[in-house]
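Heads up: the structure comes next, in structure tokens.
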Amino acid sequence: MMSREQLHHLSGAYVLNALDEDERRAFEGCLAKWEDMRSEVTELADTAAALGLAVPPLAPDPAVREQLLARVTETPQQPRVRTRDVAPRRRALRLAQRAGAGPARGTPILWVSAALATVLLVLAVVTSVVPSPRDTGVTLAQLESAGDARRVPVPLAGGEGVELLWSDQLETSALIWESLPPLDEGTVYELWYLDESARPAGLVDEGTPGSKVLEGRLRPGDLVGITVEPAGGSEQPTSAPLVVIERA
Amino acid sequence: MLGRSRETRTPDAIAASPADALLARVAEGDRQAFAEFYDLVASRVLGLVIRVLRDRAQSEEVVQEVFLEVWQTAPRYDPSRGTALTWILTMAHRRAIDRIRSAQSARDRETREGIRDFRIEYDSVSEAAELRVEHERVRRAMERLTPLQREAVSLAYYGGYSSGEVAEMLHIPVGTVKTRLRDGLIRLRDELGVTR
């Protein structure tokens, strides 16, 4: 962890994207801790944007607009963040960082961190499922017809029609999809319930038909996360979540 | 809103604008607003990206990536962290730089170009008057920097060079580069009147 002085020192380079990957991540970690430092960073980011606005504009080819608007019709938006849940957001961030990669470069850090206010789903392969504590035994049909059943689209790049369905009363959730992004050989998706820790909630691979009821019990405030794990799954996430799903 | 308890003064070009109102609608899943947002700011985004990347085809790919990310993450955009324009230009700049650094291209570029003059060139005669004003404001603010600050900020922002690369090019320690980037930007901030 950098000291406050060291952090200060890096704010200009951070805003100009002139830090290397490790420094950038360390800086963002510190930034989450010192809220008052954000105002300097925000002001310097506005300043950098003014430099950007001083460059002559150039209209993109009309095909760019056309393709973009077509892609937008089939791309789900990420669920809204509840910014008041600061503690779970920090927890989520730590989880993601502990998993190794941290949020992908270019992904707003807020995205991963805020998502922790909810459920983290991790998908993994078929067989050799990590043992999960006390399934609820609820089927997908029961879940869908539950009085308090709710669903939220899951923004998984390369997947289609991915949703999380859950019922707090039944303490159960399920991941539903039309298609998932292809997996590399020897890997699976693993689903996780996330709170203070990551609880394995089952594996999904290319052979799994379009839904998976998560193993274990959904607790209030859980996030659902999805990671890619080696075949057979892992007991703890070994990579940064592809997505952390908030049940807002 | 965080950080706005004090009086807010931002340059006109990045103060709360139609772009912010449109982005709020995009966050609600409004595709029409998204199209309008694109029409309003796409040329700004491409202008910046092509300045950094130089290659038009790659730059247009980046523009598409950036706007797709805007669509996906708009519900999570936090206005207290900057205006819509700041948000998208920051994202665009970062993605352009990711492209540069992802390949071997960083080193190639360095040898190919050496230290270049990254002053903002204005060769377009059809440029809008308001843009010239903004450009002029920034140019004047840049002149208030020390030569080292100005060079470091230009190489980092317009050239897309990392602190380490800037240090090599200017033959100064990397710690000094970071310090100059920060105090240079603070100077610019004060000259441009960006405060929150």
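Throughout, a chain's letter reflects where its sequence line sits, starting with A, and its residues are numbered from 1.
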Could you go through B/E60 and A/R65, starting from their C-alpha distance and side-chain angles, then the distance that decides it, and tell me whether this counts as salt bridge (charged side-chain N to carboxylate O under 4.0 Å, His left out)?
CA-CA 10 Å; B/E60 289 192 331; A/R65 185 185 196 271; over 6 Å; no
Using the salt bridge (charged side-chain N to carboxylate O under 4.0 Å, His left out) rule, take B/R76 and A/E246 through it: C-alpha gap first, then chi angles, then the decisive distance, then the call.
CA-CA 12 Å; B/R76 291 169 179 237; A/E246 177 181 17; 3.4 Å; yes
side-chain contact (heavy atoms from CB on, under 4.5 Å) between A/L51 and B/M142, intermediate numbers included:
CA-CA 9 Å; A/L51 295 178; B/M142 287 289 266; 4.0 Å; yes
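Put simply, OG1 on A/T47 and CG on B/L188 are 7.0 Å apart, with the number rounded to the nearest 0.5 Å. Rounding to the nearest 0.5 Å places NE2 of A/H9 at 9.5 Å from CG of B/D183.
Within the 4.5 angstrom heavy-atom criterion, no atom of B/I88 approaches chain A. Contact of B/V41 with chain A is not made at all, since no heavy-atom distance falls under 4.5 Å. Both the backbone and the side chain of B/F67 come within contact range of chain A, with heavy atoms under 4.5 Å apart. Using a 4.5 Å cut-off between heavy atoms, B/R180 makes no contact with chain A at all. With a 4.5 Å cut-off on non-hydrogen atoms, A/L16 touches chain B through its backbone and its side chain both.
Checked by atom type and distance alone, the side chain of A/Q77 pairs as donor or acceptor with a backbone atom of B/W71 at under 3.5 Å. Here the side chain of B/R31 pairs no donor or acceptor atom with the backbone of A/L69 at under 3.5 angstrom. Between the side chain of B/S163 and the main chain of A/A18, a donor-acceptor pair closer than 3.5 Å is present.
Salt bridge status for B/R189 with A/E40: absent, with no side-chain N to carboxylate O gap under 4.0 Å.
Residue A/L58 forms a side-chain contact (heavy atoms from CB on, under 4.5 Å) with just one option from B/V49, B/L48, B/I50, and that option is B/I50.
Of all heavy-atom pairs spanning B/Y157 and A/A48, the tightest one is OH-O, 3.2 Å. The minimum heavy-atom distance between B/L68 and A/R71, with the atom names listed, is CD2-NH2, 3.1 Å.
For the pair A/V55/B/H135, no side-chain contact is recorded, criterion being any heavy-atom separation below 4.5 Å from C-beta on.
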